[in-house]
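Worksheet for the structure shown next.
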Amino acid sequence: MKRSLLIYLLPVLALLILPLLTACGGSASGSAIDDIREAEDATALGDMEVAKSVASRVLSSKNLSDMPASQLARLSLVYMQIADSTDRESSIAQATDLYRKAFAENPDSAAAYYADVHPDMYPYVAMLKALVGRIDNPYNPEADSIDEDAHMHLPEPTDSITSAMQP
């Protein structure tokens with residue numbers, strides 16, 4: 001009787017224990033993604049202390065180097081929102097570091113993520129670009145030099161508009 005009862009209870013116990021084991025022993029990258037989502041939710045609710053705590057937990061994980069560029073980019077925007085709310089330089093520094101890491105990991109993926117953010121995030125992306133510079137298309141001062149022949153085709157300041165339009 002005990003054996004047949006155990007046979008019937010074993011699948012029920014497995015169904016109860018299996019979700020607990022998978023929740024506790026999930027992959028670190030899945031945990032980081034869940035943590036980033038939790039931090040984003042906290043920023044949306046205006047709870048920056050929770051957002052900072054969760055974001056710090058993600059940064060302290062050993063899998064930060066294995067994180068895809070899009071997740072690094074998401075985390076950088078969380079830190080920008082934290083910095084905006086608490087006005088802390090360390091959060092801005094962390095956001096810019098994550099921005100750089102995202103582009104180092106995969107420039108195309110990072111650029112695609114930042115280009116496709118919600119319009120509310122545009123100021124944060126613009127600030128990151130201004131602080132870090134153009135990683136996806138670095139500044140080339142030689143490209144901005146004026147061609148010597150180009151100035152010869154420009155009208156003189158005293159010329160009228162109609163005379164400048166004639167060949």
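Counting begins at 1 with the first residue of the sequence.
The hydrophobic clustering, which links ILVMFWY residues whose side-chain heavy atoms are closer than 4.5 Å, places Y79 and V58 together. In the hydrophobic cluster analysis, where Ile, Leu, Val, Met, Phe, Trp and Tyr join through side-chain heavy atoms closer than 4.5 angstrom, V132 is grouped together with I92. Under a hydrophobic-cluster definition in which Ile, Leu, Val, Met, Phe, Trp and Tyr are linked whenever side-chain heavy atoms come within less than 4.5 Å, directly or via other members, L59 and V78 are assigned to the same cluster. Cluster membership check: M48 shares its hydrophobic cluster with L98, using side-chain heavy-atom separations under 4.5 Å among Ile, Leu, Val, Met, Phe, Trp and Tyr.
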What donor-acceptor contacts under 3.5 angstrom involve side-chain atoms of residues 108-122, with partners at least two apart or in another chain?
unit_1 : atom_1 : unit_2 : atom_2 : d
Y114   : OH     : S76    : OG     : 2.6
H118   : ND1    : D120   : N      : 3.1

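Looking at I36 and M67, their side chains come closer than 4.5 Å, going by heavy atoms from C-beta outward.
Taking the salt bridge (charged side-chain N to carboxylate O under 4.0 Å, His left out) definition, one finds that E38 meets it with R57, sequence neighbours left out. Not a single side-chain contact (heavy atoms from CB on, under 4.5 Å) links S53 to another residue, sequence neighbours left out. In this structure R37 satisfies the salt bridge (charged side-chain N to carboxylate O under 4.0 Å, His left out) test together with D34, sequence neighbours excluded. D47 is linked by a salt bridge (charged side-chain N to carboxylate O under 4.0 Å, His left out) to nothing, counting only residues two or more places apart in sequence or in another chain.
Counting only residues at least two apart or in different chains, salt bridge (Lys or Arg N to Asp or Glu O under 4.0 Å) contacts with residues 70-81 comprise E40-R74.
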**Message:** Using the rule given for side chain to side chain contact (heavy atoms under 4.5 Å, CB included), can you reason through V50 versus D41, listing the C-alpha separation, both sets of side-chain angles and the distance that settles it, and then say yes or no?
**Reply:** CA-CA 10 Å; V50 170; D41 291 344; over 6 Å; no
**Request:** Please lay out, stage by stage, how L128 and L77 fare under the test side chain to side chain contact (heavy atoms under 4.5 Å, CB included).
**Result:** CA-CA 9 Å; L128 282 169; L77 291 180; 4.0 Å; yes
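The backbone N or O of K52 sits less than 3.5 Å from a side-chain atom of S56, completing a donor-acceptor pair.
Contact detail for A102 and A73: the closest heavy-atom pair is CB-N, 4.0 Å.
The distance from atom CD of Q94 to atom CD1 of I82, rounded to the nearest 0.5 Å, is 9.5 Å. In this structure, CG on L131 lies 6.5 Å from OG1 on T96, to the nearest 0.5 angstrom.
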